[in-house]
Every structure is written in structure tokens, then in C-alpha cells.
Trainee: 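There's a structure below that I have some questions on.
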Amino acid sequence: DAGDQDSGPRVTSYLRSHEVTSLDLVVATHPHSDHIGGLLSVLNDFPVGQILDSGQAHTTSTFETYLNLIDQKNISYAVAERGQTIDLDPVKIEVLSPPTTHFADDLNQNSIVLKVTYNNISFLLMGDAGIVAESSLLSSGYDLQSDILKVGHHGSSSASSSSFLSRIKPTSSVIEVGAGNDYGRHVRIGQGFIK
């Protein structure tokens with residue numbers, strides 16, 4: 001994900017400042033504009049090996065432009081499926097969600113959820129998945145424990161249930177929010193929350 005369209009130039013500038021010249025894999029967790037809008041700049045400015053997409057359609061011009069760029073640039077396109085693994089040695093990526101049977105008509109709950117492991121550090125990247133997806137993950141049998149948690153749905157009160165956080169036991173959590181966003185977010189401090 002790369003934020004909305006206005007965030008795209010900031011993302012590409014950041015990548016260039018770290019001497020990134022191409023991307024092996026780009027993940028679009030779900031087709032909301034605040035997640036794929038910035039990818040338009042990324043796809044225009046960098047060679048991309050593959051797109052991993054949720055496979056969900058959306059009726060916005062941003063989504064149509066995103067799909068057209070993938071097609072025009074002949075980028076390999078794959079739909080995420082629970083159980084997939086991607087090996088980008090030394091990085092291992094496991095697709096934990098969405099499940100085979102998607103949650104009915106909910107782009108957020110059907111976000112791609114990834115567990116990324118680099119050496120001995122693990123990251124759980126939740127996209128905009130919320131409590132419904134968390135419940136499915138809790139019963140999936142996957143090892144959810146992760147060092148770093150990218151909190152679901154911008155830290156919204158509709159995500160990060162106590163039972164889910166207890167299973168993950170992150171040492172650090174990251175919440176993606178822009179200035180002025182109000183998702184009823186909460187921040188986990190120790191065993192509690194600040195709302």
C-alpha cells in the first residue's frame with residue numbers, strides 16, 4: 001500500500017532516497033483509494049516484478065487507473081490466497097488472509113494480511129482487516145505471534161481485539177494515520193488501551 005494519490009510522490013521520493021531502483025513485489029491489500037492511490041506513482045516510477053492483489057473489485061477511477069497501469073506495464077498480477085508463501089530470500093512472506101470464502105461484501109475485512117519474517121524478526125501486516133478477520137485468523141491455526149504489528153484499519157475501534165493482541169504479543173505496534181484522521185483509534189500501552 002502507498003496511501004492516497006497525494007502520498008504517491010512522497011513514497012517514490014522515499015524509495016529513491018534509499019537507492020531503490022525496482023521493486024520485486026508490490027502488495028495492494030485492498031482497493032480503497034487511501035491504500036492504492038499512491039501506488040499509481042509507484043507503478044509509474046519504478047519497474048515492478050509482481051503485484052499481489054486482494055482480487056476485489058471497486059468502482060472508483062483510482063482503481064480503474066491502477067488496473068490499467070498494471071496492464072499497460074505488463075506487470076505480473078496474482079490474487080492473494082490464504083496459505084500462499086512467497087520466498088524473497090532472506091524474507092519469507094505468508095498470506096494469512098483473506099480466507100478462501102471471503103467475508104460478504106466487505107473490502108476491509110477481506111484485506112490481505114501478511115506475516116513477513118526477516119531473519120528472526122516477524123511482522124504481522126493487517127491492512128484494514130478488523131475484528132471479523134481477526135476472529136478467522138485466531139481459529140485458522142496459524143502462528144500469529146509477531147514482533148511488530150501493523151495495526152488493522154488505522155487503529156480503528158473496529159480492529160485489534162484484546163484476544164487478538166494477546167495471541168500476537170507484539171513488542172511494537174505501528175498505526176497508519178494521517179493528520180486529521182479520526183478512526184476512533186486506540187493505542188495499546190502495556191496491557192491496556194488509550195482511546
Side-chain angles (χ1 to χ4, degrees), residues 1-3 8 11-12 14-15 18-32 35-58 63 66-67 69-103 107-130 133-134 136-153 159 164 167-174 176:
D1 291 349
V11 172
T12 58
Y14 177 84
L15 292 171
H18 285 79
E19 300 179 3
V20 172
T21 57
S22 65
L23 299 165
D24 296 323
L25 176 68
V26 169
V27 178
T29 62
H30 65 293
H32 281 147
H35 289 259
I36 64 164
L39 289 179
L40 303 181
S41 294
V42 172
L43 297 178
N44 272 315
D45 291 1
F46 294 93
V48 172
Q50 181 179 22
I51 294 278
L52 183 65
D53 188 87
S54 68
Q56 300 174 92
H58 199 31
F63 181 66
Y66 159 77
L67 290 179
L69 274 172
I70 292 168
D71 188 47
Q72 289 166 12
K73 295 184 173 287
N74 200 29
I75 300 170
S76 176
Y77 174 93
V79 174
E81 297 176 16
R82 179 179 273 178
Q84 275 177 306
T85 58
I86 301 164
D87 189 4
L88 297 174
D89 190 38
V91 176
K92 178 185 174 191
I93 302 170
E94 299 172 86
V95 178
L96 305 184
S97 199
T100 305
T101 303
H102 284 188
F103 305 106
L107 297 176
N108 287 336
Q109 295 298 343
N110 290 304
S111 287
I112 296 174
V113 174
L114 302 175
K115 183 169 182 178
V116 178
T117 305
Y118 175 72
N119 292 329
N120 295 320
I121 301 172
S122 55
F123 304 81
L124 188 62
L125 309 174
M126 294 297 297
D128 270 0
E134 291 172 5
S136 174
L137 286 167
L138 286 171
S139 63
S140 71
Y142 284 108
D143 175 15
L144 300 176
Q145 193 285 318
S146 299
D147 301 302
I148 312 292
L149 169 66
K150 199 298 284 174
V151 174
H153 202 205
F164 189 68
R167 178 81 67 88
I168 298 166
K169 299 179 179 145
T171 57
S172 299
S173 296
V174 177
E176 294 178 342

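Throughout, residue positions are numbered sequentially from 1 according to the sequence presented. No experiment lies behind these values; they were computed from the predicted model shown.
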Trainee: At their closest point, which heavy atom of Gln56 faces which heavy atom of His30, and how far apart are they?
Mentor: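 Here Gln56 and His30 meet closest at NE2-CB, 4.0 Å.
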
Trainee: Can you find a pair of side-chain heavy atoms, one from Ser97 and one from Leu137, that are under 4.5 Å apart?
Mentor: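 Yes, their side chains come closer than 4.5 Å.
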
Trainee: Taking atom OH of Tyr118 as the centre, does the number of heavy atoms from other residues, nucleotides or ligands within less than 6.0 Å exceed 12?
Mentor: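 Counting neighbours around OH of Tyr118, 12 or fewer heavy atoms of other residues, nucleotides or ligands fall under 6.0 Å, so no.
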
Trainee: Could you check whether any side-chain heavy atom of Val11 comes within less than 4.5 Å of a side-chain heavy atom of Leu15, counting everything from C-beta outward?
Mentor: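 In contact.
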
Trainee: Tell me if a side-chain donor or acceptor on Arg167 pairs with a main-chain N or O of Leu144 at a distance below 3.5 Å.
Mentor: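 Checked: no pair found.
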
Trainee: Can you tell me which residue among Asn108, Asp1, Asn110 is in a side-chain hydrogen bond (donor to acceptor under 3.5 Å, both in side chains) with Thr29?
Mentor: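 The single option meeting the side-chain hydrogen bond (donor to acceptor under 3.5 Å, both in side chains) with Thr29 is Asp1.
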
Trainee: To the nearest 0.5 Å, tell me how far Lys92 NZ sits from Ile86 CD1.
Mentor: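 The NZ atom of Lys92 sits 11.5 Å away from the CD1 atom of Ile86.
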
Trainee: Please determine which of Leu88, Val48, Ile51 meets the side-chain contact (heavy atoms from CB on, under 4.5 Å) test together with Leu25.
Mentor: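 Result for side-chain contact (heavy atoms from CB on, under 4.5 Å) with Leu25: Leu88.
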
Trainee: Can you find a pair of side-chain heavy atoms, one from Leu96 and one from Leu124, that are under 4.5 Å apart?
Mentor: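 Sidechains of Leu124 and Leu96: in contact.
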
Trainee: Is Leu52 close to Val95 at the side-chain level, that is, under 4.5 Å between some pair of heavy atoms?
Mentor: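 Yes. Closest side-chain heavy atoms under 4.5 Å.
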
Trainee: To the nearest 0.5 Å, how far apart are CD1 in Ile168 and CG in Asp143?
Mentor: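 Between atom CD1 of Ile168 and atom CG of Asp143 there are 10.5 Å.
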
Trainee: So which heavy atom on Met126 is nearest to which on Val151, and how close?
Mentor: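 Looking at all heavy atoms of both residues, the closest pair is CB-C, 4.1 Å.
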
Trainee: Nearest 0.5 Å, please: how far is CD1 in Ile70 from OG in Ser76?
Mentor: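 So the OG of Ser76 and the CD1 of Ile70 are separated by 10.0 Å.
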
Trainee: So, Asp128 and Ser111: side-chain donor and acceptor under 3.5 Å apart, yes or no?
Mentor: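 Not at all, the side chains of Asp128 and Ser111 share no donor-acceptor pair under 3.5 Å.
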
Trainee: Distance check, rounded to the nearest 0.5 Å: Phe63 atom CZ versus His58 atom NE2?
Mentor: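 Between atom CZ of Phe63 and atom NE2 of His58 there are 8.5 Å.
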
Trainee: Between Leu107 and Ala57, what is the shortest heavy-atom contact and its length?
Mentor: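 Taking every non-hydrogen atom into account, CD2-O, 3.9 Å.
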
Trainee: Would you confirm whether His18, through its side chain, and Tyr14, through its main-chain N or O, come within 3.5 Å as a donor-acceptor pair?
Mentor: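 Side chain of His18 to backbone of Tyr14, a donor-acceptor pair under 3.5 Å: yes, one is there.
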
Trainee: As an exercise, state the distance from CD of Gln50 to OH of Tyr77, rounded to the nearest 0.5 Å.
Mentor: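 Atom-to-atom, Gln50:CD and Tyr77:OH are 11.0 Å apart.
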
Trainee: Taking all heavy atoms of Ala28 and all of Tyr66, pick out the closest pair and write down the distance.
Mentor: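 Where Ala28 meets Tyr66 most closely, the heavy atoms are CB-OH, 3.2 Å.
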
Trainee: Applying side chain to side chain contact (heavy atoms under 4.5 Å, CB included), run through Asn44 and Lys73 and close with a yes or a no.
Mentor: CA-CA 9 Å; Asn44 272 315; Lys73 295 184 173 287; 3.7 Å; yes

Trainee: What pair of heavy atoms forms the shortest contact from Arg82 to Tyr142, and how long is it?
Mentor: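 That would be CG-OH, 3.4 Å.
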
Trainee: Is it true that a side-chain atom of Asp53 and a backbone atom of Gly55 form a donor plus acceptor pair closer than 3.5 Å?
Mentor: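 Yes, because the side chain of Asp53 sits within donor-acceptor range (under 3.5 Å) of the backbone of Gly55.
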
Trainee: Going from CG on Asp45 to CG on Leu40, what distance comes out if it is rounded to the nearest 0.5 angstrom?
Mentor: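 It is 10.5 Å, given to the nearest 0.5 Å.
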
Trainee: Please report the closest heavy-atom contact between Asp89 and Asp87, naming both atoms and the distance.
Mentor: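 Scanning both residues completely, I find the closest heavy atoms to be N-OD1, 3.2 Å.
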
